[in-house]
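Scroll down for the structure; my scribbles are underneath it.
These numbers come from the heavy atoms of this one structure, side chains and all, not from hydrogens, waters or symmetry mates. A quick note: this is a predicted structure, and the numbers were derived from the prediction, not measured.
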Amino acid sequence: MSSTDDLDDWASDEFSAADLGDARLTQRLVALARRLAQSPQCSFPQSLNGPELKAAYRFFDNPQVDTDGVLGSHILQTLGRMKQVPVVLAAQDTTEFNLAHLPATEGLGYGTGNNLRGFMMHSLLAVTPDGLPL
């Protein structure tokens, strides 16, 4: 099996059950995940060509596309993988994003300094004791 086939299978397994209210949106999510997985270290503009980038921005700008819809299927797949191993380590990190240099950005909160505009992100990575990401 080629690496392209592996990415196809991964993207489909991970996101084909996403509930975005429209099968075409779910298909677009799978295709986008497949494409981004080819260069996971890169930003969207680095990973996608002009038309692909525009399509990705339109996808995420669609009011039917939300965090729960995009991540729901992935979270279920992750939980399934976690159930297959006896021990799961949960590495956590909180990061503060300072976006004060973007004054026109709406919906930002305040950081730890109460004068910084941005947001906090608390991430969690589930791994086996050998370090295999789940």
Side-chain angles (χ1 to χ4, degrees):
M1 181 179 284
S2 74
S3 62
T4 301
D5 291 337
D6 291 343
L7 291 177
D8 289 350
D9 290 345
W10 171 84
S12 183
D13 289 347
E14 216 54 30
F15 296 105
S16 64
D19 182 12
L20 299 175
D22 184 327
R24 294 170 298 179
L25 288 174
T26 301
Q27 291 169 351
R28 181 69 189 129
L29 174 61
V30 171
L32 183 58
R34 184 177 295 128
R35 183 71 173 93
L36 292 171
Q38 292 175 3
S39 52
Q41 76 283 3
C42 295
S43 67
F44 280 20
Q46 292 170 327
S47 297
L48 305 171
N49 65 35
E52 290 173 328
L53 182 60
K54 187 173 183 177
Y57 287 147
R58 275 196 320 264
F59 172 81
F60 286 112
D61 202 31
N62 186 314
Q64 286 183 254
V65 175
D66 64 2
T67 305
D68 292 338
V70 170
L71 292 180
S73 177
H74 169 63
I75 290 169
L76 289 175
Q77 291 294 325
T78 301
L79 292 172
R81 289 187 290 270
M82 290 171 67
K83 290 178 182 177
Q84 296 175 14
V85 295
V87 175
V88 175
L89 304 177
Q92 301 177 57
D93 180 58
T94 301
T95 301
E96 182 173 7
F97 289 84
N98 176 1
L99 301 179
H101 65 287
L102 301 173
T105 303
E106 297 178 9
L108 298 176
Y110 292 96
T112 55
N114 276 341
N115 57 354
L116 301 176
R117 303 279 297 167
F119 61 94
M120 304 289 282
M121 179 181 78
H122 187 79
S123 58
L124 183 139
L125 178 64
V127 297
T128 66
D130 292 332
L132 177 67
L134 299 171

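- The closest side-chain heavy-atom distance from T94 to H122 is below 4.5 Å.
- Heavy-atom minimum distance, S16 versus T26: O-CG2, 3.4 Å.
- Looking at heavy atoms from C-beta onward, L25 lies in side-chain contact with F59 at the 4.5 angstrom threshold.
- Following chains of ILVMFWY side-chain contacts shorter than 4.5 Å, one can reach Y57 starting from L20, so the two form part of one hydrophobic cluster.
- Heavy atoms of other residues, nucleotides or ligands lying less than 6.0 angstrom from CD of Q41 number more than 12.
- Here R35 contributes atom CZ and N49 contributes atom CG; the two are 6.5 Å apart, rounded to the nearest 0.5 Å.
- Note that CD of Q77 is 13.0 Å distant from CG of L71, once rounded to the nearest 0.5 Å.
- Atom CG of D22 has more than 12 neighbouring heavy atoms from other residues, nucleotides or ligands inside a 6.0 Å radius.
- Following chains of ILVMFWY side-chain contacts shorter than 4.5 Å, one can reach L108 starting from F97, so the two form part of one hydrophobic cluster.
- Ring geometry for H74 against F15 counts as parallel: the plane angle stays under 30°, on a 0 to 90° scale with 60° as the upper cut.
- V127 and W10 end up in different hydrophobic clusters when Ile, Leu, Val, Met, Phe, Trp and Tyr side chains are linked at under 4.5 Å.
- The side-chain contact (heavy atoms from CB on, under 4.5 Å) test with L36 is passed by exactly one of C42, S43, S47: S47.
- Side-chain atoms of R28 and R24, non-hydrogen and from C-beta on, never get closer than 4.5 Å to each other.
- Cluster membership for I75 and M82, using ILVMFWY side-chain heavy atoms within less than 4.5 angstrom, is shared.
- Clustering ILVMFWY residues whenever any of their side-chain heavy atoms sit less than 4.5 angstrom apart, transitively, puts M121 in the very cluster that holds L99.
- With a 4.5 Å cut-off on side-chain heavy atoms, D93 and L125 do not count as touching.
- Separation of atoms CG (L53) and CZ (R58) is listed at 10.5 Å; rounding is to 0.5 Å.
- Taking both residues in full, the closest heavy atoms of A90 and L124 are given as CB-CD1, 3.8 Å, listed atom of the first, atom of the second, then distance.
- When all heavy atoms of E14 and T78 are compared, the pair lying nearest together is OE2-OG1, 4.2 Å.
- Side-chain contact between K54 and L48 is absent, with no heavy-atom pair separated by less than 4.5 Å.
- From N98, atom CG reaches atom CZ of F119 across 10.5 Å, with rounding to the nearest 0.5 Å.
- Put simply, the side chain of R81 gets close to the backbone of L134: a donor and an acceptor are under 3.5 Å apart.
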